[in-house]
**Q** 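Sending over a structure as structure tokens; questions will come in a sec.
Heavy-atom basis, side chains included; hydrogens, waters and symmetry copies ignored. Keep in mind that this is a model prediction, so the values were computed, not measured. Chain A is the first sequence line, chain B the second, and so forth, proteins listed ahead of strands; every chain is numbered from 1.
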Amino acid sequence: MDNNSTGQQIPTGVAASTGLAIDQKQETGLWHFIKYTAHLLARDKAGTIGLIMFVIVVLSAILAPWISPHDPLKQNLRHAKKPPAWYEKGTMEYPLGTDNLGRDILSRIIYGSRVSLTVGFFGVLIASSLGIVIGLFSGYKGGKTDNIIMGGVNMILALPYLVFVVFIAAILGSSLLNVILIFGFTDIPIFVRITRGEVIKMRASGFVESAVSIGATGNRIIFSHLLPNLIGPIVTIATFEMSAMIFYEAGLGFLGLSVPPSVPSWGNMLAAGRKYLVIYPWIATFPGLAIVFTGLGMNLLGDWLRDVLDPRMRRVKK
Amino acid sequence: MAKILEVNDLITRFYTFDGVVHALSGVSFDLDEGETLGIVGESGSGKSVTMMSLLHLLPTPPARIEGGKALFYSNRNEQNNNTDPVDLLQLDKSGIRKIRGGKIGFIFQDALSALNPVMTIGRQISETLIEHLGMTVDEAKKRSIELLEYVGIPEAEKRFSAYPHQFSGGMRQRTMIAVAIACNPEIIIADEPTTALDVTVQAQIIELVQRLKKEMKMSVIWITHDLGVVAGMADRVLVMYAGSAVEIAPVDDLFYNPGHPYTIKLLGALPKIGEEGQHRLESIDGTPPDLLSPPAHCQFAWRCPHAAEKCWQAVPAAREISPGHHAACFFDFAARRP
Amino acid sequence: MQKYIFSRLVQSLCILFGVLFIVFFMMQVTGDPVSLLLSRHATPQEVEEMREELGYNRPILIQFTSFVSRAVVGDFGRSFRHKQPAMDLIIERLPATVELAVTALLISLILGIPLGLISGSNPGSFWDVISRGTGLLGQTIPNFWLALILILVFSVNLGWFPSFGRETWHFMGLTLPTRSVILPAFSLSLFTMGQLIRFTRSAVLEIRSEDYVRTAYSKGIPDRKVYIRHILRNASIPLISIVGVQFGYLLSGSIYIETIFSWPGLGNLLAESIGNRDFALVQAIAFFSSFVVVTLNLLTDIAYGLADPRIRYE
């Protein structure tokens with residue numbers, strides 16, 4: 001942010017000449033893009049930390065069966081309500097303690113990341129793929145079609161999101177699939193709006209027309225011109241939306257409206273821990289920290305992505 | 001004629017993410033009382049940065065003024081009647097604030113973005129009057145309306161409470177001029193004030209500034225990339241290239257007897273009225289150099305058709321090739337011409 | 001300006017009609033609403049009677065028309081649990097939610113805007129790091145978890161605030177909030193505060209480098225006056241939108257915070273009615289929340305238009 005604002009006042013010639021050099025570099029292919037991105041990441045501490053945090057969560061979801069010290073579902077009443085290891089009564093066997101039924105909290109948090117990431121990933125996958133298609137269609141067609149689609153989009157975006165999500169979840173009943181579908185479908189408008197915005201911007205810039213004038217067909221224009229330019233904003237928004245979905249999934253779980261209570265998820269753990277808040281506070285504390293950890297990581301990553309994938313920023317930052 | 005401003009070896013650098021941008025590497029020029037000095041050059045050559053450096057208007061960081069002097073010989077100094085110069089670059093915050101808007105007025109390029117969109121035209125003028133001359137709100141209002149009339153805005157009284165977006169481009173630029181001259185400054189710096197306007201309005205604005213200059217006895221620094229504008233109104237011209245002053249000369253001398261290959265190229269790129277059509281408009285090959293790593297030789301060597309070996313070895317110093325005509329080139333181009 | 005207000009008004013009405021459509025059909029597609037209303041042990045005859053009574057055996061379009069015509073006068077049927085008109089229940093719970101929302105908004109305004117200003121004016125400074133950190137945490141800490149932690153620290157351990165319930169005191173006929181609102185309002189405000197910090201910061205940063213700010217400096221206006229007259233004044237216009245939208249969400253009730261603190265507001269009513277599968281009430285709350293949000297957005301747009309001369313003089 002700050003670099004942009006100050007950079008704007010650098011004489012235009014300087015900014016333009018450095019910008020030019022980068023744009024040329026950009027066009028030489030995907031590999032250069034990756035190398036270039038890695039180069040940018042190395043310069044941004046917050047972005048690196050965010051990426052590391054996110055990778056830790058992803059790895060723990062993938063490697064859950066191998067790295068969990070215990071079976072997350074196994075109840076052991078003899079070891080119930082054990083405090084974390086650094087308490088007097090805690091043991092290293094249960095580093096973060098156990099819950100009211102004697103299940104290992106650390107293992108449940110590790111397994112809980114699977115629910116969160118599954119919901120986030122597939123939710124964003126559904127929302128972004130449908131959103132991009134509708135957005136491309138809307139922006140490309142223009143006119144009445146565009147007006148109707150955008151009317152619907154603005155309407156949905158103007159509603160109190162949480163109230164409706166809770167409403168739908170209550171009607172559909174709790175299951176992993178339902179949660180994914182709810183988030184996947186209610187989040188479509190965000191992606192429609194961003195895609196359409198990009199299409200309109202590109203149409204105005206005239207290079208779609210020039211593609212038409214050299215004989216490119218509609219499909220080709222979309223795949224060879226529009227989509228590559230869309231990747232930046234979509235990836236950025238997808239990161240933020242995935243983080244939001246993880247947040248909302250935990251919220252639904254807290255209300256008992258997400259995955260069934262038997263499944264270890266952060267929201268479910270919080271809901272269960274709430275009852276023992278005063279006597280065994282660690283049961284609710286750690287799953288909350290896991291949510292904050294994931295959210296922080298993804299937001300840092302998203303902020304950084306927004307900065308580097310926004311072409312305007314690229315111009316100044318190089 | 002007495003000097004009013006004397007800039008010596010001004011060095012400004014930007015400390016950016018990518019490295020140090022050498023925006024100005026030793027710019028020197030002076031300004032006489034009552035004179036119009038035109039400054040020309042490509043975008044990025046440092047025209048605006050020079051002026052903004054003088055008035056401390058560059059954001060710091062990333063900008064840093066790292067050397068030079070800018071002596072201002074103010075002779076309308078109310079307190080002491082002497083003409084001891086002040087070095088603008090050495091002034092502190094409150095010192096430079098008295099100069100800005102008070103002794104030196106600034107006219108910016110795009111008046112639409114240079115005027116605050118949510119503040120009335122009137123307030124934007126009277127703000128300066130209240131600040132510098134200690135007027136009351138009513139006095140300032142009265143004076144602002146006079147100023148608006150003076151710069152040729154009809155129904156000034158009514159326009160006082162209008163907003164910038166309700167004005168046409170020419171009227172906005174007139175407003176900018178009213179702001180700049182509000183406190184009767186000694187110097188007006190106009191930073192490409194006509195680029196965003198169409199040709200007829202351009203001519204009106206130029207005429208207006210010329211008239212005000214005479215009536216209010218000001219000196220004008222007119223920044224532009226349009227040599228045609230300069231030919232019509234400037235007394236002397238400073239040509240800038242890649243953060244350096246490459247040539248300074250009286251206007252006729254510059255046009256008929258240019259002393260730097262860059263100026264020659266610039267003049268070649270200017271269409272001449274009355275000449276036969278077969279004369280091809282020349283363009284200058286190549287791009288301005290990267291200011292991130294300026295070379296230790298002539299900056300123009302890459303694009304210069306006359307570059308010789310020594311041009312790649314040292315930076316040419318400015319030489320006086322005829323009275324008042326300085327050029328920073330090893331060769332004597334002016335002399336070779338008839 | 002009139003045209004602007006009119007077009008916004010039409011838009012809002014369209015959105016509200018769309019909401020009615022959604023709320024109505026959401027109940028239809030999920031199956032027979034009557035089966036949701038009655039217990040599983042109801043006899044077919046009881047079901048039929050219920051359908052007759054509620055008009056569910058009429059054609060769907062007629063049902064929708066009658067739903068809409070009743071909805072515009074605020075009639076959303078009766079809560080089967082409370083045996084009261086749904087709208088009456090909402091109105092009854094509204095003051096508690098308003099109290100919570102206003103307090104939360106005040107907290108986030110008082111803390112968020114100054115932090116955003118300091119941070120935007122001195123990027124890279126100590127306070128910038130603090131504000132950006134707060135902004136980031138505001139967006140990532142789930143308020144339901146924060147509420148639990150606050151209860152643990154400030155109610156259980158320190159005993160400064162009650163851990164649940166709403167207490168009011170009455171003074172000269174007014175119902176005034178007490179400290180019981182502090183913890184829920186603070187938990188609720190964190191997200192809004194984060195938004196305000198981030199937004200104010202980026203607005204100040206952006207406006208700082210506008211040409212007209214440079215003009216103001218070139219006129220010799222002192223820094224403090226440039227900040228107040230030029231930067232703040234211009235930053236406050238887009239800020240109106242953010243505050244309006246956020247207030248809309250706060251007013252539509254927080255289901256988590258009100259549940260955790262047993263705060264007798266709309267969010268709590270929503271959670272309760274979902275637990276009871278009292279869908280007439282859920283429907284009414286969903287519509288009412290949307291109504292509040294849409295109305296606030298409309299008012300915000302009008303305020304925005306009044307504050308920005310470029311729109312005011314259209």
**Q** What residue in C:I237, C:V213, C:D308, C:D223 has the most heavy-atom pairs under 4.5 Å with chain B?
**A** C:D223
**Q** Working to the nearest 0.5 Å, report the span between CZ of B:R100 and OG1 of C:T215.
**A** 11.5 Å
**Q** For B:N116 and C:Y212, work out which heavy atoms get closest and say how close.
**A** N-CB, 3.4 Å
**Q** What distance separates C:Y217 OH from B:H56 NE2, expressed to the nearest 0.5 Å?
**A** 14.5 Å
**Q** Taking every heavy-atom pair that is under 4.5 Å apart, which of B:G101, B:S94, B:A114 has the most such pairs with chain C?
**A** B:A114
**Q** What's the separation between atom OH in B:Y163 and atom CZ in C:R310, rounded to the nearest 0.5 Å?
**A** 11.0 Å
**Q** Check the side chains of C:H230 and B:Q124 for a donor-acceptor pair under 3.5 angstrom, ignoring hydrogens and angles.
**A** no
**Q** Looking at chain C, which one of B:K93, B:Q109, B:M119, B:E127 has the largest number of heavy-atom pairs inside 4.5 Å, strictly under?
**A** B:E127
**Q** Give a yes or no on whether a salt bridge exists between B:E131 and C:K219, defined as a side-chain N under 4.0 angstrom from a carboxylate O.
**A** no
**Q** What do you reckon, is CZ of C:F21 surrounded by more than 12 foreign heavy atoms closer than 6.0 Å?
**A** no
**Q** Is atom CD of B:E139 surrounded by more than 12 heavy atoms (other residues, nucleotides or ligands) closer than 6.0 Å?
**A** yes
**Q** For B:K141, does the NZ atom have more than 12 heavy-atom neighbours from other residues, nucleotides or ligands under 6.0 Å away?
**A** no
**Q** Kindly compute the distance separating OG (C:S218) from CE (B:M176), expressed to the nearest 0.5 Å.
**A** 6.0 Å
**Q** Provide the closest heavy-atom pair for B:P117 versus C:P309 in the form atom of the first, atom of the second, distance.
**A** O-CG, 3.4 Å
**Q** Can you tell me if OH on C:Y4 sees more than 12 non-hydrogen neighbours from other groups inside 6.0 Å?
**A** yes
**Q** Against chain C, label B:K98 side chain, backbone, both or neither, depending on which of its atoms sit under 4.5 Å from a heavy atom there.
**A** neither
**Q** Using non-hydrogen atoms and a 4.5 Å limit, figure out which bit of B:V118 sits close to chain C: side chain, backbone, both or neither.
**A** both
**Q** Is B:L115 close to chain C through its backbone or its side chain, or both, or neither, when contacts mean heavy atoms under 4.5 Å?
**A** backbone
